[in-house]
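A short worksheet on the structure shown next.
First listed ligand is number 1; within each ligand, the first listed atom is number 1. Fair warning: this is a prediction, and the values are worked out from it, not measured in the lab.
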Amino acid sequence: MLTLGIESTCDETGCAIVRNGKDILSNVVTSQIDLHDQFGGVVPELACRRHVDVMLPVIDEAVKQANINLEDIDLIAVAHGPGLIGALLIGLHAAKGLSLALQKPLIGVNHVEAHLYAALMSHAEPIRFPALGVVLSGGHTALVQMHAPDQFTLLSQTVDDAIGEAFDKVAKILDLPYPGGPEIEKLAELGKPHLPLKSGTVKGRPLDFSFSGLKTAVLYAVKGQNNSAIRQSLSQTAKSDIAASFQQAAFHDVIKKTLQASAQIECRDIIFGGGVTNSQTLRNMFREASPDLTLHWPSFGMSLDNAAMIAGLGHHRYRNEQFDACLHLEAATRLPFSQ
Ligand code: KG4
Ligand code: ZN
């Protein structure tokens, strides 16, 4: 069964062709980093327009790279949320157009759930459910109990910034390019994490996340260097020490709460998803902190936004549900986890 997946929830336009939910024949992603870099974050209007410009060429390229014809497709899967409304609509309408023209079923996929599915597509070994899902992306930070690949109970989430968002904002404070995560990881390698920074805690909800206080603490650390807001005057060593301290504080917090949650729901398999799981530093820190747990990471290219994970989860759901959303499918800026 061939599934064509479409991703356009934020600032990446993606199309992928996946056979039987696992075998990735093509996975084309165009990033809009050039467009948003000067603003230090995604500008929704610009993102929409770029999606319009590149959606059809990206679909053509994915079909070409997979060496198939459009008519060979059996199912169309599209990320219909959560995300930016304008961006979602471009992918959704492209998917509906294809579904109508090819007379093939259409299924909507939750982008955040697909991030977790990316790790399942990356591994051959079976996973013992219930497992703990750890979502660490630019828009979401959550711990979920996974009863099956497509069945979840939300355990905790962030009460303010998502972790990737915090990396991007701290990068901006340090005058680093967007997206900030990889830049902070690189800079942190040169620094020492000696600043006493800590992620936030939420009263009465020990598994919830809070990163906005940590981000503000970085802002004060930067300003405090010269008792002024002139960031350019920070030495390179001071900058790398701040990056290292921030990264360590954010990751320590994620590790602590993940271990706590896995003990609480008594599961040994941890499934990771989202752009921040691209960090080798995070993977190393987790490996050291949790030798008794089995960690399932997305493979190379599957951490960041992509359409192969959308096609993969779409295939899985369609096989179980045989549900054709047809033209009724709507874009959803917020979309809860499926239960
Ligand atoms: O999952 P994703 O591609 O998009 C969303 O669905 O949000 O995640 C993008 C986020 C960005 O905030 C980016 O800074 C972060 O992932 N990121 C990283 C690293 N690589 C990407 N954060 C920390 N360390 C990294 N190496
Ligand atoms: Zn994402």
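- Of all protein heavy atoms, the one closest to atom 15 (C) of ligand 1 is Val276 CG2, 3.9 Å.
- At most 12 heavy atoms of other shown residues, nucleotides or ligands fall within 6.0 angstrom of atom CZ in Arg19.
- Those atoms of ligand 1 with a heavy atom of Ser279 less than 4.0 angstrom away are 24 (N), 25 (C), 26 (N).
- Vertex the Zn ion (ligand 2); arms to Asp305 atom OD1 and His115 atom NE2; angle 100° (nearest 10°).
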- Would Phe286 and Phe251 count as a ring pair (Phe, Tyr, Trp, His ring centres under 6.0 Å) if you check the C-alpha gap in whole Å, the side-chain angles of each, and the deciding distance to 0.1 Å? CA-CA 9 Å; Phe286 253 109; Phe251 288 168; 8.5 Å; no
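- For Gly275, a nitrogen or oxygen atom sits less than 3.5 Å from a nitrogen or oxygen atom of ligand 1, counting backbone and side chain alike.
- Contact annotation: Cys10 has no heavy atom less than 4.0 Å from any atom of ligand 1.
- When each atom of ligand 1 is checked for a heavy atom of Gly139 under 4.0 Å away, the hits are 7 (O).
- Selection from Pro182, Pro179, Gly138 by nearest heavy atom to atom 9 (C) of ligand 1 gives Gly138.
- Side-chain atoms of Asp168 never come within 3.5 Å of backbone atoms of Pro179 as a donor-acceptor pair (strictly under, hydrogens ignored).
- When each of Leu106, Leu98, Val109, Leu4 is paired with Val78, the side-chain contact (heavy atoms from CB on, under 4.5 Å) condition holds for Leu106 and for no other.
- Every atom of ligand 1 is numbered from 1 in the order shown, and the set under 4.0 Å from a heavy atom of Ser137 is 1 (O), 5 (C), 6 (O), 7 (O).
- Asn278 places no side-chain N or O within 3.5 Å of a backbone atom of Ser303 that could act as its donor or acceptor partner.
- The distance from the Zn ion (ligand 2) to the nearest N/O/S atom of His111 is under 2.8 Å.
- In terms of N/O distances under 3.5 Å, ligand 1 is approached by Asp168.
- Heavy-atom neighbours of Asp34 CG from other residues, nucleotides or ligands within 6.0 Å: above the threshold of 12.
- In this structure a side-chain-to-backbone donor-acceptor pair under 3.5 Å is missing from His315 to Ala311.
- Using modelled atom types, no side-chain atom of Lys215 and backbone atom of Val170 make a donor-acceptor pair closer than 3.5 Å.
- Between Leu304 and ligand 1, no N or O atom pair is found at a separation short of 3.5 Å.
- Distances below 4.0 Å separate heavy atoms of Gly180 from the following atoms of ligand 1: 14 (O).
- In terms of polar-atom proximity, defined here as any N/O pair under 3.5 Å, Gly181 does make such a contact with ligand 1.
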- Going through the checks in order, is the ring pair (Phe, Tyr, Trp, His ring centres under 6.0 Å) test met by Phe272 and His296? CA-CA 6 Å; Phe272 292 92; His296 305 273; 8.8 Å; no
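- Paired with His115 under the rule side chain to side chain donor-acceptor pair (under 3.5 Å), one option of Thr277, Asn110, Asp305 passes, and it is Asp305.
- Contact annotation for His115 and ligand 1: only side-chain heavy atoms (C-beta onward) come within less than 4.0 Å of the ligand.
- Those atoms of ligand 1 with a heavy atom of Gly274 less than 4.0 angstrom away are 1 (O).
- Among all non-hydrogen protein atoms, the one lying nearest atom 26 (N) of ligand 1 is Glu185 OE1, 2.9 Å.
- Hydrophobic clustering (side-chain heavy atoms under 4.5 Å, transitive across Ile, Leu, Val, Met, Phe, Trp, Tyr) groups Leu92 together with Ile6.
- When hydrogens are left out, the protein atom nearest atom 3 (O) of ligand 1 is Asp305 N, 3.0 Å; that is the closest non-hydrogen contact.
- Close approach to Asn278 involves these atoms of ligand 1, each under 4.0 Å from a residue heavy atom: 20 (N).
- Checked against a 3.5 angstrom limit, the closest N/O atoms of Gly164 and ligand 1 fall inside it.
- Outside the 6.0 Å centre-distance limit, the rings of Phe211 and Phe167 are not counted as a close aromatic pair.
- If you look at His140 next to ligand 1, there are no close heavy atoms at all, none under 4.0 Å.
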